[in-house]
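Working notes, structure below.
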Amino acid sequence: MLRVLTPLLALALGAMLVPAAGLAQGGPLRIEIDEGVIEPLPFAVPDFVAENAAAAEFARNIARVVAADLAGTGLFREIPAEAHLARVTNFASPVQYSDWKAINAQALITGAVSVDGNGRLNVKFRLFDIYSEAPLGDGLQFGGSAANWRRVAHKVADQVYARITGEGGYFDSRVVFVAETGPKNARQKRLAIMDYDGANVQYLTDAASIVLAPRFSPTGDRVLYTSYESGFPRIYVLDLATGGRRGLDDQPGSMTFAPRFAPDGRRVVFSLAQGGNTDLYELDLGSGRRTRLTSAPSIETAPSYSPDGRQIVFESDRSGVPQIYVMPASGGEARRISFGQGRYGTPVWSPRGDYIAFTKQHQGRFHIGVMRTDGSEERLLTASFLDEGPSWAPNGRVIMFTRESAGAEGAPALFSVDITGRNLRRVPVQGSASDPSWSPLLP
Amino acid sequence: MTPISKTLMVVAALAVAGCSNPDRFGSGSGAGMGAGGSGFGMDGVASDPRSVAYFNQTVGDRVLFAVDQSTLSDTARATLDGQARWLMDNPEYSATIEGHADEQGTREYNLALGARRANAVQEYLVSRGVSSARLRTVSYGKERPIEICSNEACYSQNRRSVTVLAAGAGV
């Protein structure tokens, strides 16, 4: 696994040990995500320096992934290598700021890679604020197996992103989703997992049964999902390390779906339909004890815990059309928080606790939106024939969701958008895909 | 049709039903008995009133619903009256009632809506004398549309329940 090694303190450059966030707030190299960025910040990432022959390919590829991560946020713009005046051939050499200033780079990322005899990578990097002519934060080094070179690159990019935006990173993360093939009336669905950027897709189930809506555990080690393998929708939990899985709440005559972990990872909230009525239940994974949380003739579904585990936001049509409600995690009186026109569904509490993402259906269009946890400041981020199922990036600043195109040839794809509504982009997954669930930041 | 060939056909239908995948939409299962399929071969022929094909096509294996609704229209009730009579006359069959929704709506809500629709059909059939032990319900939400266009012509066909017969008197 990867781990952060000792910072490369003051290596050659006499960098001052200033906390990254503090330095960023004072200097010009700062992006405020909440304000929305009109002009992306120009940066340069020359190929990392290969410190031995075995590292040559990694040195180039890691720099490319770092650049793709940063440019993919829409907050940064890469100045391509052809425009560079300087070449970085020695990680320890002083940076010629004027060379980078001349091409209007505001941030410079340099790095070096070596591979030891056991196939382990060692990657060092530094971030420079060109206009301040100073490093931004300490140099760091990461170790990892060569097979995990993309993760090392994502960790470097997460550091850069965090130092410049002041937000947590999200590149070293994964997404579970449903890979879809076949025509619209006979879709084959398989659970799959990939890196956040669409790389390294692996399938977790075969296509023998319909599977729906996988959800990561808070530690990223398990996945909840719904499968029809018994002939009826039922919730299952899959252990990613062992591949082992087990059905939860196997009650004849009922259907279970829309599961989600509590922040402690020990409880699951889900929908159970019995006799045509759908309510919310909590299951204690250790004891198997099931607790009914709602008891209404209306539909209660799509529950999601607040990050402190004390509240649950969910969707209910008790008012006549689906709206969003919040109740104590133990059940009890719910208060409605969505009051705009249209139908609201699939609310998901941000991991930072500040927003609730949702699906909205209004006048024949679907939207992904965010609102404050009291329902105020509703903001629609997308609009299309069919957008649904938002999932938060680990830093709570980006949302991934399903967008399905219309018509007989219609097919779903994964898209992401940031919480200002900017940087809408398709996640590059081969084939059709739906129901993304973003993992926490990997350890 | 001679009595002998009729017997053979019932046997064939029972044999097919006995080996079907629990998820009739799973990749291994092929078309189920109630998929509104050929009406020929394993389902028997529609001219035989005791055949699955007759139930699917002549009685009608499905009823349709209005947007977001699970109430039964007069047309739906008439179809279900026929289903109930057929099930009473053919006690060797049980049925799974599938609830389906159109694609306008979230996946989770549509699953719950499909459960409502399937239950409405089940309750009606029970009210007409069919033993509840012979009926099960399942919701497919919007996962299995029968028509694939994205307008009301297709949506109206997809907002449905389908009564799928299986061999065996109960569950």
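Within every chain, numbering begins at 1; the chains are lettered A, B, ... in the order of the sequence lines, protein sequences first and strands thereafter.
Per-residue heavy-atom pair counts under 4.5 Å with chain B were compared for Thr402(A), Thr278(A), Thr226(A), and the maximum is reached by Thr278(A). Counting heavy-atom pairs under 4.5 Å between each of Thr346(A), Asn277(A), Leu212(A) and chain B puts Leu212(A) at the top. Among the candidates Glu300(A), Lys189(A), Glu404(A), the residue making the largest number of heavy-atom pairs closer than 4.5 Å to chain B is Lys189(A). Listed options Ala186(A), Pro183(A), Gly345(A) were ranked by heavy-atom pairs under 4.5 angstrom with chain B; first place goes to Ala186(A). Highest contact tally toward chain A, considering only Ile148(B), Thr106(B), Asn119(B), Asn151(B), is held by Ile148(B) [criterion: heavy-atom pairs under 4.5 Å]. Options Gly275(A), Gly389(A), Ala302(A) differ in how many heavy-atom pairs under 4.5 Å they form with chain B, and the most are formed by Gly275(A). Interface remark: of the candidates Ala273(A), Gly407(A), Ala406(A), Gly407(A) forms the most heavy-atom pairs closer than 4.5 Å to chain B.
Heavy-atom distances place both the backbone and the side chain of Ser139(B) under 4.5 Å from chain A. In this structure, no portion of Ser271(A) lies under 4.5 Å from any heavy atom of chain B. Of the two parts of Ile299(A), the backbone and the side chain both hold a non-hydrogen atom closer than 4.5 Å to a non-hydrogen atom of chain B. Using a 4.5 Å cut-off between heavy atoms, Glu103(B) contacts chain A through both its backbone and its side chain. For Asp68(B), the part sitting under 4.5 Å from any heavy atom of chain A is the side chain, from C-beta outward, and nothing else. Interface remark: Ala112(B) contributes backbone and side-chain atoms alike to the contact with chain A (heavy atom separation under 4.5 Å). Only the backbone of Pro297(A) comes within less than 4.5 Å of a heavy atom in chain B; its side chain stays farther off.
Taking 4.0 Å as the cut-off between side-chain N and carboxylate O, Lys142(B) and Glu388(A) count as a salt-bridged pair. Salt-bridge check for Glu108(B) with Arg215(A): passed, with a basic side-chain N closer than 4.0 Å to an acidic carboxylate O.
Not a single donor-acceptor pair under 3.5 Å links the side chain of Arg116(B) to the backbone N or O of Ser298(A).
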Steps toward side-chain contact (heavy atoms from CB on, under 4.5 Å) verdict (Asp435(A), Arg107(B)): CA-CA 9 Å; Asp435(A) 292 3; Arg107(B) 203 177 304 292; 2.9 Å; yes

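Considering CZ of Arg136(B) and CZ of Phe232(A), their distance stands at 3.5 Å, rounded to 0.5 Å.
For the pair Arg343(A) and Tyr109(B), the cation-pi test (distance below 6.0 Å, angle within 45°) is passed.
Considering every non-hydrogen atom in both Asn185(A) and Pro145(B), the closest pair reads CB-O, 3.1 Å.
No more than 12 heavy atoms of other residues, nucleotides or ligands sit less than 6.0 Å from atom OH of Tyr203(A).
Counting heavy atoms from C-beta outward, Leu111(B) and Met255(A) have side chains that stay 4.5 Å or more apart.
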